[in-house]
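Note that the structure is predicted; figures quoted are calculated from it, not measured.
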Amino acid sequence: GGEYEDQQKSLYSAARFSLTDELTFIAGARAITLKTEGFSYGNDRKRKNDTILPYAGLVYDLNDEYSVYASYTEIFNPQKEEGADRQRLDPIEGENYELGIKGELLDGKLNVSAAVFKTKQSNVAESLRFDPVSGKQLYDGADYLSEGYELEVSGEVLPGLQVMGGYTYV
């Protein structure tokens, strides 16, 4: 047994710049501090990760109802899974790219969107084997490339009644 504690703090900042009446540039970043202290099954769980994740996007208004956008962001996700060395895997890191179109119809009562995306991730937990000594599943970090698209519709179908539906293919 054992006891350990994870603590994550984040600070997010973004700025919007109107380049023209139709074109907006968005830039931002998220600063993350991840700290773990304690022990588990005789292993010291102490770790510390500090990182800054940038974000950038462009939005172009086609007209009053539709806009197209492109975005880029970096990925950082801590994991609780353990590797063969009985230590927790390093956080997932990667990048995400997205292109899409959004529409606000019927005086804002109906929202529609469609997007294509590509996500590159490294160190994603992938099952390695079961360890009978600790009674735990062990993992290894793997690289993944995901591509797909998503469609979404949301809005107010009756006064006070909101609905949302979507489809994602990866």
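Put simply, CG on L58 and CG on L23 are 5.5 Å apart, with the number rounded to the nearest 0.5 Å. Here the CD-NZ distance, from E74 to K120, works out to 11.5 Å after rounding to the nearest 0.5 Å. Atom OG in S146 sits 11.0 Å away from atom NZ in K118 (nearest 0.5 Å). Note that CD of E93 and CG of L53 are 8.5 Å apart. Values are rounded to the nearest 0.5 Å. How far CG of L138 is from CG of D131: 5.0 Å, rounded to the nearest 0.5 Å. For the atom pair OG of S127 and CD of E81, the computed distance is 10.0 Å after rounding to the nearest 0.5 Å.
Checking side-chain atoms of E152 against main-chain N and O of M164 turns up no donor-acceptor pair under 3.5 Å. N123 contributes a side-chain N or O that, together with a main-chain N or O of D90, makes up a donor-acceptor pair within less than 3.5 Å. In terms of modelled atom types and a separation under 3.5 Å, the side chain of E104 and the main chain of L110 share no donor-acceptor contact. The backbone N or O of E22 sits less than 3.5 Å from a side-chain atom of T20, completing a donor-acceptor pair. For the pair D61 (side chain) and N63 (backbone), a donor-acceptor distance under 3.5 Å is absent. Side chain of R30 to backbone of S10: no donor-acceptor contact under 3.5 angstrom is found.
Between Y72 and E95, the side chains place a donor N or O and an acceptor N or O closer than 3.5 Å (distance only, hydrogens not considered). Neither side chain, Y149 nor E147, offers a donor N or O lying under 3.5 Å from an acceptor on the other. Defined by atom type and a distance below 3.5 Å, a donor-acceptor pair is missing between the side-chain atoms of Y139 and Q137. With 3.5 Å as the limit, one finds no donor-acceptor pair spanning the side chains of T73 and N96.
Using a 4.5 Å heavy-atom threshold, the side chains of P78 and Q8 count as touching. Counting heavy atoms from C-beta on, the side chains of K109 and Q162 never come closer than 4.5 Å. Taking 4.5 Å as the limit, every side-chain heavy atom of Y97 sits out of range of all side-chain heavy atoms of S71. Using a 4.5 Å heavy-atom cutoff, the side chains of V170 and T168 are in contact. Proximity of V68 to L99: side-chain heavy atoms (C-beta onward) are nowhere separated by under 4.5 Å.
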Steps toward side-chain contact (heavy atoms from CB on, under 4.5 Å) verdict (F117, T119): CA-CA 7 Å; F117 59 86; T119 304; 4.1 Å; yes

Is there a side-chain contact (heavy atoms from CB on, under 4.5 Å) between V59 and I26? Walk through the geometry before answering. CA-CA 8 Å; V59 179; I26 303 165; 4.0 Å; yes

Quick one: do E82 and K136 satisfy salt bridge (Lys or Arg N to Asp or Glu O under 4.0 Å)? Show the steps, please. CA-CA 9 Å; E82 295 179 7; K136 291 183 169 189; 2.8 Å; yes

Kindly indicate, with the supporting measurements, whether the criterion side chain to side chain donor-acceptor pair (under 3.5 Å) is fulfilled by T33 and D50. CA-CA 5 Å; T33 297; D50 295 324; 3.2 Å; yes

Would you check, one step at a time, whether the test side-chain contact (heavy atoms from CB on, under 4.5 Å) holds for V112 with L105? CA-CA 8 Å; V112 295; L105 312 170; 4.2 Å; yes

Could you walk me through whether L11 and I32 satisfy the side-chain contact (heavy atoms from CB on, under 4.5 Å) test, starting with their C-alpha distance in whole Å, then the side-chain angles of each, then the deciding distance to 0.1 Å, before giving a yes or no? CA-CA 7 Å; L11 177 65; I32 298 174; over 6 Å; no

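Heavy atoms only, all atoms of each residue included: P91 and Q79 are closest at C-NE2, 4.0 Å. Residues I52 and P54 approach most closely at O-CD, 3.6 Å, considering heavy atoms.
Remark: K102 fails to qualify as a cation-pi partner of Y66 under the 6.0 Å distance and 45° angle criteria applied to the six-membered ring.
Connection of Y69 to Y55 is established within a shared hydrophobic cluster, with ILVMFWY side chains joined at heavy-atom distances below 4.5 Å, either directly or through further cluster members. Cluster membership for L34 and Y12, using ILVMFWY side-chain heavy atoms within less than 4.5 angstrom, is not shared. Put simply, L19 and Y60 are part of the same group of oily side chains (I, L, V, M, F, W, Y) that touch within less than 4.5 Å, one to the next. Placement of I92 and Y144 within a single hydrophobic cluster is found when ILVMFWY residues are connected by side-chain heavy-atom separations under 4.5 Å, directly or transitively.
Dense packing is recorded around CG of L151, with more than 12 heavy atoms of other residues, nucleotides or ligands lying under 6.0 Å away. For Y169, the OH atom counts as loosely surrounded, since its 6.0 Å shell holds 12 or fewer non-hydrogen atoms of other residues, nucleotides or ligands. Atom CG of D64 is surrounded by 12 or fewer heavy atoms from other residues, nucleotides or ligands within 6.0 Å.
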